[in-house]
Number of protein chains: 2
Amino acid sequence: MFEPVTIKDIAKALGLSTSTVSRALRDTYEISPATKKLVTEYAKQIGYKPNPIALSLKERRSKSIGVVVSEVANSYFSQAIDGIESIAYDKGYHVIISQTHESYDREVINVNHLASRSVDGLLISLSSQTEDISHIKSLHDKGMPIVFFDRVADEIITDKVIADNEKGAYNATEHLIKSGYKKIAHLTSSNHLSISIERLSGYKKALADYGITFKEEYVKYCPHGGMLYEETETAIKELVALKDKPDAIFVAGDRLSTGCLSVFKNLKIEVPKDIAIAGFSNSDVLDLFNPSLTSVRQPAYEIGRLATEMLLKLIEAKYPVEEFEKKVLDTSLFIR
Amino acid sequence: MFEPVTIKDIAKALGLSTSTVSRALRDTYEISPATKKLVTEYAKQIGYKPNPIALSLKERRSKSIGVVVSEVANSYFSQAIDGIESIAYDKGYHVIISQTHESYDREVINVNHLASRSVDGLLISLSSQTEDISHIKSLHDKGMPIVFFDRVADEIITDKVIADNEKGAYNATEHLIKSGYKKIAHLTSSNHLSISIERLSGYKKALADYGITFKEEYVKYCPHGGMLYEETETAIKELVALKDKPDAIFVAGDRLSTGCLSVFKNLKIEVPKDIAIAGFSNSDVLDLFNPSLTSVRQPAYEIGRLATEMLLKLIEAKYPVEEFEKKVLDTSLFIR
DNA sequence: TTGAAAGCGCTAACAG
DNA sequence: CTGTTAGCGCTTTCAA
């Protein structure tokens with residue numbers, strides 16, 4: 001069907017060698033202006049496009065990067081993807097997105113799939129189920145450039161970009177405290193996720209700073225991060241069933257926050273009369289929500305851009321990189 | 001950094017020729033069981049993975065498909081993408097997603113970018129700005145398999161998958177009529193988009209069937225499809241400023257529906273007291289909205305799956321395909 | 001049953 | 001300044 005024009009066609013038509021054509025096309029110095037003009041004009045005329053696959057084979061790189069996220073339907077990730085694309089496309093890289101749907105198995109499959117399709121680097125945010133990261137470690141050990149964002153694996157020494165989760169959590173919790181709530185629960189995702197740990201820590205710190213005792217039973221984990229309605233509902237039910245029922249709740253994730261509101265709605269729990277709420281969310285329709293949600297917003301777009309810049313730097317580095325950094329970006333609190 | 005094992009390494013280590021190794025690995029009949037066993041076992045042991053790029057070069061296909069949508073952040077599209085991935089990954093195809101952000105220029109760039117990266121086929125939903133489709137037509141003429149979904153170009157003869165937009169619009173409008181509204185306005189995206197035309201038609205038909213006269217000034221176009229707050233606000237303001245102010249509004253798009261609610265909120269227009277609303281939306285948090293939104297939901301996941309199945313059939317067809325079809329899937333009305 | 005060689009599209013080292 | 005040649009990893013005639 002497709003019969004693309006090759007460098008050979010041009011060479012034949014113009015009575016030149018393929019290497020001359022190649023040079024003319026690529027602007028090498030050792031070429032006569034006349035030939036160059038001849039070739040470039042003819043090439044344009046017949047619509048020559050270099051075959052990226054042949055180039056990839058030759059240069060041993062694909063000019064594409066793989067992105068592993070849990071869901072593109074999650075506002076945080078879709079914004080991050082916008083950021084990733086903005087940088088990648090600019091530098092001529094393709095972006096291949098794959099979703100884990102918070103499943104460890106899919107993560108392993110996707111990561112290996114991307115690697116075997118020889119992407120030049122990987123941008124990863126771990127699935128909530130992921131504890132064992134050997135699938136990533138082995139790739140990294142083999143030299144695959146990897147940058148983590150959002151949900152990072154500290155065991156792997158590479159660049160990372162995250163929001164200041166601890167501070168964001170602190171701010172949200174503090175806001176609840178300052179609004180007069182004292183019995184603040186915490187709903188979060190799986191306990192091994194970096195973001196969960198950081199947000200839990202911020203929550204605890206705020207409590208401590210305001211002289212409120214941390215209670216273990218006020219913390220509920222939803223390993224599916226809000227993807228499973230029942231899981232969220234059970235957690236909420238357990239919280240409101242406590243003898244010392246919490247009067248507020250700090251929610252540590254995007255889907256979890258909306259999930260929580262849905263549960264409230266269904267259980268006829270009124271906000272903030274029965275319980276107040278503040279949570280992480282990057283949704284851009286939060287203003288339409290009822291009950292309303294005081295939210296911690298992460299600079300997702302910027303995180304995506306930064307992570308991609310760092311990854312491309314790793315990919316294009318001439319010498320093995322030894323120094324890595326973890327960039328931490330500020331969150332913003334939107335009081336509603 | 002990466003030093004992948006090649007067929008040559010195996011050949012050398014085993015004292016065979018590369019062609020023998022290749023055959024052994026690919027299960028050709030003309031190979032001795034002994035050699036085959038030897039090779040496959042050794043290959044597995046040292047972790048041999050065929051280089052997909054070399055394969056692509058040889059077989060002139062990349063085993064990847066390109067997807068062009070306006071925004072992954074749009075629920076409809078993220079659901080469609082889930083459907084696309086579910087089929088594509090199953091069949092060993094990569095999915096490369098690109099966003100137009102409703103811009104014609106970006107669409108042209110993205111389509112050409114994907115084509116030049118030699119995807120094997122394209123799944124396209126047009127940007128709202130797109131009127132001229134020659135960038136797609138020329139690719140299609142050259143033999144690139146293309147399937148349209150959602151926003152289709154009827155001028156291009158190929159497979160298409162859409163929701164029954166006309167019926168969906170009819171149902172929504174009818175619902176408003178049956179709820180007692182008679183002065184129903186219509187807010188839609190650009191007037192050249194297939195979905196706009198179909199939805200407008202369903203709206204008109206419902207009005208006609210219930211003996212309501214269609215009024216041109218009740219139809220407002222937002223070419224940016226809700227991406228530009230001001231545009232939506234202006235449209236709404238014009239509607240409510242009409243001397244014969246509408247008492248209900250049927251909105252023809254996802255972002256437009258939420259955009260509309262935002263405008264209502266800001267202008268302190270109360271729903272349904274001041275104006276009732278029904279609109280297309282695939283958001284999964286609609287239940288949390290206030291004001292609430294009666295919605296027409298499209299089977300986005302299924303549309304994505306179907307479109308991908310059709311595309312892969314085109315790609316893998318042995319002979320040029322002459323027969324194309326347009327599949328139309330039912331929408332569902334959620335009354336809130 | 002196996003090996004040698006050509007070729008997919010392109011670049012680069014080496015000659016001339 | 002330009003052509004010849006080899007090679008990226010793999011498959012596939014063609015010979016042996």
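Contacts with DNA chain C (heavy atom under 4.0 Å) in residues 36-43 of chain A: none are found. For residues 46-56 of chain B, proximity to DNA chain C is found at no residue, defined as any non-hydrogen atom under 4.0 angstrom from a strand atom. If you check residues 8-25 of chain A against DNA chain C, the residues with a heavy atom closer than 4.0 Å are A:K8, A:S19, A:S22, A:R23, listed by number.
Closest heavy-atom contact between A:S56 and A:S62: OG-CA, 3.5 Å. Minimum heavy-atom separation, A:T130 to A:S127: OG1-OG, 2.8 Å. Across B:R305 and B:G83, no two heavy atoms sit closer than the pair CG-O, 3.4 Å. Between B:S98 and B:L114, the shortest heavy-atom distance links the atoms OG-CD1, 3.9 Å. Taking both residues in full, the closest heavy atoms of A:I162 and A:D150 are given as CG2-O, 3.6 Å, listed atom of the first, atom of the second, then distance.
The only option from B:I65, B:I97, B:V69, B:I81 that meets the side chain to side chain contact (heavy atoms under 4.5 Å, CB included) definition with B:L123 turns out to be B:I65. Checked options B:E102, B:H101, B:Q99; the residue passing with B:S70 is B:E102 (criterion: side chain to side chain contact (heavy atoms under 4.5 Å, CB included)).
Not counting sequence neighbours, the partners of A:H113 by the ring-ring contact (aromatic ring centres under 6.0 Å, His included) test are B:Y89, B:H94.
With respect to the salt-bridge test (charged N to carboxylate O, under 4.0 angstrom), the residues A:E302 and A:K327 do not qualify. A salt bridge is defined here as a Lys NZ or Arg NE, NH1 or NH2 lying under 4.0 Å from an Asp or Glu carboxylate O, and B:E309 with B:K313 fails to meet this definition.
Rounded to whole Å, the distance from CZ on A:R61 to P on C:dC10 is 15 Å. If you measure from atom CD of B:E59 to atom C1' of C:dG9, you get 15 Å, rounded to the nearest angstrom.
A close approach under 4.0 Å does not occur between any side-chain nitrogen or oxygen of B:T35 and OP1 or OP2 of C:dT1. OP1 or OP2 of C:dC10 has not a single side-chain nitrogen or oxygen of A:R26 nearer than 4.0 Å.
Rotation axes derived from the C1' atoms of the five outermost pairs at either end of the helix from C:dT1-D:dA16 to C:dG16-D:dC1 lie 50° apart, to the nearest 10°.
Side-chain contact between B:K36 and B:R23 is absent, with no heavy-atom pair separated by less than 4.5 Å. Using a 4.5 Å heavy-atom cutoff, the side chains of B:V67 and B:I84 are in contact.
Within 4.0 Å of B:L57, counting heavy atoms only, lies at least one base atom of the nucleic acid.
Taking the six-membered ring for Trp, A:H135 and A:Y104 have ring centres closer than 6.0 Å.
B:I156 CD1 to B:D141 CG: the interatomic distance, rounded to the nearest 0.5 Å, is 8.0 Å.
Close approach of DNA chain D to chain B, defined as any atom under 4.0 Å from a non-hydrogen atom of the protein, starts and stops at D:dC8 to D:dT13.
Below 30°, between 30° and 60°, or above 60°: for A:F149 and A:Y76 the angle between ring planes is below 30°, a parallel geometry.
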